[in-house]
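First listed ligand is number 1; within each ligand, the first listed atom is number 1. We use all heavy atoms of the structure for the numbers below, so side chains are in, but hydrogens, waters and symmetry mates are not.
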Amino acid sequence: MKLLENKVAMVTGGAQGMGAAHVRKLNEEGAKVIITDILEEKGEALAKELGANTTFVKLDVTDAGSWEEAIKVAESVFGPVDVLVNNAGIDIMKPFIEFKAEDLQKLLDVNLFGNFHGMQKILSSMKKAGGGSIVNISSLEGLRGTAGNSIYNASKFAATGLTKAVAQEYAEYNIRVNSVHPGAIKTPGIEADDIKDTVQNYVERIPMKRIGEAEEVANLVAFLASDKSSYSTGSEFISDGGIMAT
Ligand code: NAP
């Protein structure tokens, strides 16, 4: 039997990047997957490629109404949702003094309110399913501060607090909530020419001396989504080639 046989999973920001890797892995492990994103064309194409056990629903994580609609569609297609991967996230980097309040609001809208709306809206579906697993994708930047990344740090730390508190409140309903903290992972953003030198310098500091693959994070997400992680809730799971241990 596959790891996620009979599970229904929803992934936000699932059309590309790491989100698409999570979609592929959950699907490969037997879950029925609702791919959500604001990118309709890419999301539809991924669902078409993966076939009948996936469907695409447009979802802007900042919009509570959009969550209600998406969950309604998910339940009508596959039934109550067992797994939510809150993956959609954005970053803006610059010196702290240059940030405007609007920048912070924009990041909080996606990285914090996205998780807030998603968790609030999915809980009743998970109760119907008899339990569930919520995996909030954070970052190493949700565990430490980095110059130039202050408001991303703030948004990801806030989401970690939410993860831990909701885990406490919903443990009695067999609903687990954990966070995943990837280091530098091979995604389109990290392969841009203008940051090549910065990335190379960073790689030198990683004990494993390489950038991670999205599939390596997806394996961790699948484990947390599954019943194999049944005694883990409210915890932080790192996938970073060892850099946080230095
Ligand atoms: P990505 O390639 O930019 O994918 C994120 C997806 O979310 C995109 O399709 C994006 O669409 C979508 N999105 C943005 N705003 C949204 C919204 N309001 N509602 C729904 N979807 C929205 O990002 P990634 O690099 O794979 O990162 C995925 C997650 O991992 C993020 O939470 C990120 O913070 C975290 N992370 C990434 C790394 C890394 O090395 N890549 C490391 C640590 C943590 P648009 O392209 O239109 O914005």
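- Judged by distance alone, the side chains of Asn136 and Thr163 do bring a donor and an acceptor atom under 3.5 Å apart.
- In terms of the side chain to side chain contact (heavy atoms under 4.5 Å, CB included) criterion, residue partners of Met93 (sequence neighbours excluded) are, by chain and number, Asp91, Asn149.
- Considering Ile35, Val73, Thr36, Ile38 in turn, Thr36 is the only one that fulfils the side-chain contact (heavy atoms from CB on, under 4.5 Å) rule with Leu59.
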Check each N or O atom of ligand 1 against all protein N or O atoms and list the pairs under 3.5 Å, with atom names and distances to 0.1 Å, one per line.
| unit_1 | atom_1 | unit_2 | atom_2 | d |
| --- | --- | --- | --- | --- |
| ligand 1 | 9 (O) | Gln16 | NE2 | 3.3 |
| ligand 1 | 9 (O) | Asp37 | OD1 | 3.3 |
| ligand 1 | 9 (O) | Asp37 | OD2 | 2.8 |
| ligand 1 | 18 (N) | Asp60 | OD1 | 2.9 |
| ligand 1 | 19 (N) | Val61 | N | 3.0 |
| ligand 1 | 26 (O) | Met18 | N | 2.8 |
| ligand 1 | 32 (O) | Asn87 | O | 2.7 |
| ligand 1 | 32 (O) | Lys156 | NZ | 3.0 |
| ligand 1 | 34 (O) | Tyr152 | OH | 2.5 |
| ligand 1 | 34 (O) | Lys156 | NZ | 3.1 |
| ligand 1 | 40 (O) | Ile185 | N | 3.0 |
| ligand 1 | 40 (O) | Ile185 | O | 3.4 |
| ligand 1 | 41 (N) | Thr187 | OG1 | 3.0 |
| ligand 1 | 46 (O) | Gln16 | NE2 | 3.1 |

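- Residues passing the ring-ring contact (aromatic ring centres under 6.0 Å, His included) test with Tyr173, sequence neighbours excluded: Tyr170.
- Applying the salt bridge (Lys or Arg N to Asp or Glu O under 4.0 Å) test to Glu215 and every residue at least two apart in sequence or in another chain returns nothing.
- Below 30°, between 30° and 60°, or above 60°: for Phe113 and His117 the angle between ring planes is between 30° and 60°, a tilted geometry.
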